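All values reported here derive from a predicted model rather than from experimental measurement. First the proteins, then the strands, lettered A, B, ... as listed; each starts at 1.
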Amino acid sequence: MKSRSISRIFSSRGLAVVCRVVVAGVFIYAAVGKIQDPAEFADAVMGFRILPLQFVNIFAIILPWVELIGGVCLLSGVLVTSSALLLVALNVMFMFAVGSAMARGLDIECGCFTLSQAHAKVGWSLLARDVAIILLCLPLLSGIAGREGKSKEQQAMSDEQ
Amino acid sequence: MAAAAAIGLAYNELRADKLPLIRAPLRETRRVAKLEQLMPSVPPVTESQESDDMKEEPSLGPAQEEPPKAEKTGKPVAAKLEPKAETARRIAGDQERPVSSAETPADRKAVEEKPLKEPENTDQNVQALFTTLEDAKACFDSKTALFVDARPAEDYQAEHVPGAVSLYSEKLSELYDAVLGATPKDKLLVTYCSDPECSAAVELADQLVARGHTRVVILLEGLPGWKSAGYPTVSGKASPK
């Protein structure tokens, strides 16, 4: 019974919409700042000392648009599952970068939200935020939020339930 | 992903301040100032060039093909891509007259006390040059340079070069008057930050040049390089002068 309730909660269309809006908002906000000032984002990427120097600028140019397109797709309900999967993958990458920086003792800014005046430094709070975003994407990965890939019969059956 | 990459690259090409696709090491983006430029008391490299050197203001634009003799004097090291120092002063909105032997300290003070305008145009590619650790240390030992820490205040308070002032590059317009407002424009300034690929010191130096400072160099190795060389550091807020 309990597992059904939890499953219902996660299957709730309302919850999925809320998750879509929140996650999309976060990524669109993050992307806009980086698109406006790619140099600052590139400097932040440099600080992590992960990418070879030659690839830093290309990464800083392309990544924000991946975030933006993923966020817009999520918000508009188009290709929701794919977008959520993409954003989860991005978050996993961010967590790896932050964890790596912490392990090497780097005291750097994450460069996550360049629009914000308060530039967050790498730390446990950043990791926690990334975990929270991944959790918010979970309902979206179940494919409940959109009707993509569902046949009419499947939709009718889920509606009956 | 491919669409995002294409859009991103296309948008970058359309930007006025587009990012180069391949990032060059900061070290390769401009020249290193000679020691004799930092410390005028050090004689020029060759005596035969000395008389020619004294006739003109050297301009040390890193991207230009400057005549070598222009580098040999202890004159302004804030590199300007325009050949004349007077032009750089005009860009910075400085009301300063060319220095002459007849100028008295009172005249100079009157000029300095005049409120300076904000730089009218900061996109003139006015740049400062790099300096080496050894040269920076020589200036430190001779007390001819003022070190300017471009990092956030908390990093400065944790550790900094003795005698350095804190001027976080992102808050320059708020902090400039309090930190460097009374500093002569020809005072040698050495900016530094946290590592060789940290652009904060470079940006700060260029902004100081745009504000009329004529002798600004960048210690590219930053504080970690300074410490690795065994040079002294202190912690805490700056002591009042």
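Going from atom CG of B/Leu21 over to atom CZ of A/Phe55 covers 12.0 Å, rounded to the nearest 0.5 Å. Distance check, rounded to the nearest 0.5 Å: CG of A/Leu68 to OH of B/Tyr11 gives 10.5 Å. The CG atom of B/Asn12 sits 11.0 Å away from atom CD1 of A/Ile35, with the distance rounded to the nearest 0.5 Å. Note: B/Leu19 CG to A/Ile61 CD1 = 5.0 Å, rounded to the nearest 0.5 Å.
In this structure, B/Lys171 places its NZ atom where only 12 or fewer heavy-atom neighbours from other residues, nucleotides or ligands lie under 6.0 Å away.
Annotation: side chain of B/Lys18 is not in contact with side chain of A/Pro38 (no heavy-atom distance under 4.5 Å). Contact annotation: the side chain of A/Leu53 never approaches that of B/Ile22 to less than 4.5 Å [non-hydrogen atoms, C-beta and beyond]. Between B/Arg23 and A/Leu51 there is no side-chain heavy-atom pair separated by less than 4.5 Å.
Heavy atoms closer than 4.5 Å to chain A are found in the side chain of B/Glu203, but not in its backbone. Within the 4.5 angstrom heavy-atom criterion, no atom of A/Leu63 approaches chain B. Interface remark: A/Val56 contributes side-chain atoms only to the contact with chain B (heavy atom separation under 4.5 Å). Heavy atoms closer than 4.5 Å to chain A are found in the side chain of B/Asp155, but not in its backbone.
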Show every donor-acceptor pair shorter than 3.5 Å between a side-chain atom in residues 88-102 of chain A and any protein atom, with sequence neighbours excluded, or say none if there are none.
from     : atom 1 : to       : atom 2 : distance (Å)
A/Ser100 : OG     : A/Arg104 : NE     : 3.2
A/Ser100 : OG     : A/Arg104 : NH2    : 2.8

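Remark: the backbone N or O of B/Pro20 is paired with a side-chain donor or acceptor of A/Asn57 at under 3.5 angstrom.
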